[in-house]
Amino acid sequence: MIQTIRGTRDILPEEIALWHRIEAVASEGFRRYGFREIRTPIIEKTELFSRGVGESSDIVNKEMYTFTDRAREDRAGESITLRPECTASVVRSYIQHRMYADHSPGELTKLYYIGPMFRRERPQAGRYRQFFQVGAEVLGDSDDPAIEAEVIEMLDWFLGELKITDTTLLINSVGDATTRGDYLVGLREAIEPDLESYCEDCHHRYATNALRVFDCKNEACRALISRLPTITESLDEASREHFAQFRAHLDARGIGYTVRPEMVRGLDYYTRTAFEIVANSGLGAQNTIVGGGRYDGLSETLGGPPTKGFGFAFGLDRLVMALPESEAASRRAAAAPEIFIVSLGDEARAHAALVARELRRAGIAVLLDFSERKMKKALALADKLHARHALIIGENETASRRYGLKNLAEGTQESLAIDEIIAKFA
RNA sequence: GCGGGUAUAGCUCAGCUGGUUAGAGCGCCAGAUUGUGGCUCUGGAGGCCGUGGGUUCGAAACCCACUACCCGCCCCA
């Protein structure tokens with residue numbers, strides 16, 4: 001049996017209704033907040049991610065699906081990669097299409113996307129190799145922290161609309177590139193004297209990304225970590241002020257948050273504001289549902305003009321898991337047929353097809369039964385498919401052009417002509 | 001890349017320390033007389049017990065290898 005590749009999966013019809021629900025809420029939110037959709041390719045030149053996301057990140061180091069495109073044998077193959085995230089692609093598109101060219105000062109380009117991303121990592125709960133993300137980016141020459149608060153306000157509305165309420169907003173400022181660099185040097189100097197006392201993982205982190213030691217769960221390390229300087233107290237004046245304003249904007253909106261000075265993000269491009277929204281229950285070890293932050297300078301890294309950027313992405317796979325069951329059940333019911341047509345005999349069946357066409361043209365969801373089965377079995381099938389009504393068409397009905405419309409939940413039935421049925425569903 | 005767990009019917013799972021015809025619930029099919037579903041009752045179909053090897057008189061069970069899936073670590077969009 002041929003089955004799905006590791007880390008990929010089929011999203012079956014029973015689950016699709018939930019995805020549609022989330023997508024509908026998202027696009028409505030984006031509409032209200034002035035975001036327009038963009039669709040970028042799922043493959044890009046590898047260079048886009050190695051430059052944009054960063055050579056030192058784990059994504060680029062070991063988690064990308066990279067291939068060589070051998071379209072022409074007389075040329076060296078080009079390295080292409082299945083996109084591991086979409087921010088770099090959106091910024092690439094922003095530059096490529098010169099979206100900034102007609103901007104007036106302070107004008108913003110607000111874009112959102114939805115689609116599959118790929119990461120070559122070992123799958124676990126809520127983490128797949130092909131995963132789906134919805135994300136948005138605000139690009140322009142303004143880094144006003146009010147922009148950040150507004151985006152989070154939108155996410156807040158969004159999660160509320162989906163009845164996902166048991167969440168926590170975590171925020172931090174990682175400073176600009178210079179302060180972050182200086183801080184990293186200082187952090188390593190602070191760790192070094194006690195390096196022997198840290199665990200093996202932390203030795204690795206010390207060598208690659210010292211900020212990560214803050215995530216260590218090892219008891220012995222925790223005590224040492226609590227004495228290390230945090231990036232918050234090392235921020236330059238401008239970043240400190242930016243962060244204070246950001247918090248003030250959240251406060252003004254009544255949005256609660258927790259400052260996590262040790263929270264760092266895995267991508268190299270983040271500057272200043274970083275945030276996550278985590279689910280407090282129900283998702284196991286992979287409980288981050290939204291992650292985002294500011295990335296001033298990414299455009300320049302990709303060869304574009306000086307640009308400020310702020311954005312986020314959330315994982316649809318996890319969001320679907322976090323949806324409450326009540327939400328799930330009502331969505332599934334909405335996908336059921338409105339009318340299941342039960343026809344008895346060849347003549348009636350032929351006529352039923354014409355009736356079905358009329359009803360469908362009138363906008364009604366109709367299911368035809370093509371098999372010859374007894375009415376008893378046909379009604380049982382209608383019931384199993386959660387049809388709300390059965391329309392019974394036999395010899396008598398075919399002759400009289402009046403059909404038996406049965407409400408399957410109530411058990412009531414009435415004899416109606418086709419126009420009357422259509423009027424009933426209008 | 002590392003660690004742990006699991007693999008038996010379409011699905012969810014039992015199967016005690018090896019013992020001969022491998023079970024349950026749900027689902028599926030048929031019936032409880034004529035053109036009226038759900039509930040109930042009766043009957044039925046359906047399984048190289050993940051794959052390969054080994055131990056044994058005998059293996060779904062024990063051992064080894066492989067594969068797949070799940071959970072976690074690393075890392076995290």
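Chain letters run A, B, ... following the sequence lines, proteins first, then strands; residues in each count from 1.
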Task: Pairwise P distance, B:G47 and B:G58 [rounded to whole Å] - done: 27 Å
Open item on the list: Less than 4.0 angstrom from a charged side-chain N to a carboxylate O is my criterion; do A:E28 and A:R32 meet it?
Closed with: yes
Open item on the list: Which nucleotide, if any, forms a Watson-Crick or G-U wobble pair with B:U17, using both distances under 3.5 Å?
Closed with: none
Task: A:Q413, nearest nucleotide to its side chain (from B:C71, B:G37, B:U36) - done: B:U36
- [ ] Establish, for the pair A:R119 and A:F131, whether the NZ or CZ atom is under 6.0 angstrom from the six-membered ring centre and no further than 45 degrees off its axis.
- [x] yes
Task: Residue pair A:R253 / A:E150, side-chain heavy-atom distance below 4.5 Å - done: yes
Task: Nearest-Å distance once atom P is located in both B:C11 and B:C28 - done: 15 Å
Task: Residue matched to B:G43 through Watson-Crick or wobble contacts both under 3.5 angstrom - done: B:C29
- [ ] Let me know the distance between CD of A:E85 and C1' of B:C75, rounded to the nearest Å.
- [x] 15 Å
Open item on the list: Taking pairing as Watson-Crick or G-U wobble with both contacts under 3.5 Å, can you name the mate of B:G1, or confirm there isn't one?
Closed with: B:C73
Task: With sequence neighbours excluded, residues passing ring-ring contact (aromatic ring centres under 6.0 Å, His included) with A:Y33 - done: none
Task: Base B:C75 to side chain A:R127, donor-acceptor N/O within 3.5 Å cut-off - done: yes
Task: Partner nucleotide of B:A65 by Watson-Crick or wobble geometry (both distances under 3.5 Å) - done: B:U51
Open item on the list: Checking A:T273 against A:E148: is there a side-chain donor and acceptor pair closer than 3.5 Å?
Closed with: yes
Open item on the list: Is it the case that B:G35 (base atoms only) and A:E397 (side chain only) share a donor and an acceptor within less than 3.5 Å, ignoring hydrogens and angles?
Closed with: yes
TODO: Provide the distance between the two P atoms, one in B:A24 and one in B:C62, to the nearest whole Å.
DONE: 23 Å
Open item on the list: I'd like to know if A:K406 reaches the base of B:U36 with its side chain such that a donor and an acceptor end up less than 3.5 angstrom apart.
Closed with: yes
- [ ] Using a heavy-atom cut-off of under 4.0 Å over every strand shown, decide if A:L381 touches base, sugar-phosphate, or nothing.
- [x] nothing
Open item on the list: Over all strands shown, is A:R6 touching base, sugar-phosphate only, or nothing at heavy-atom distances under 4.0 angstrom?
Closed with: sugar-phosphate
Task: Sugar-phosphate, base or nothing in reach of A:A380, heavy atoms under 4.0 Å - done: sugar-phosphate
Open item on the list: Using only modelled atom types and a 3.5 angstrom limit, is any donor from either the side chain of A:D383 or the base of B:G37 paired with an acceptor on the other?
Closed with: yes
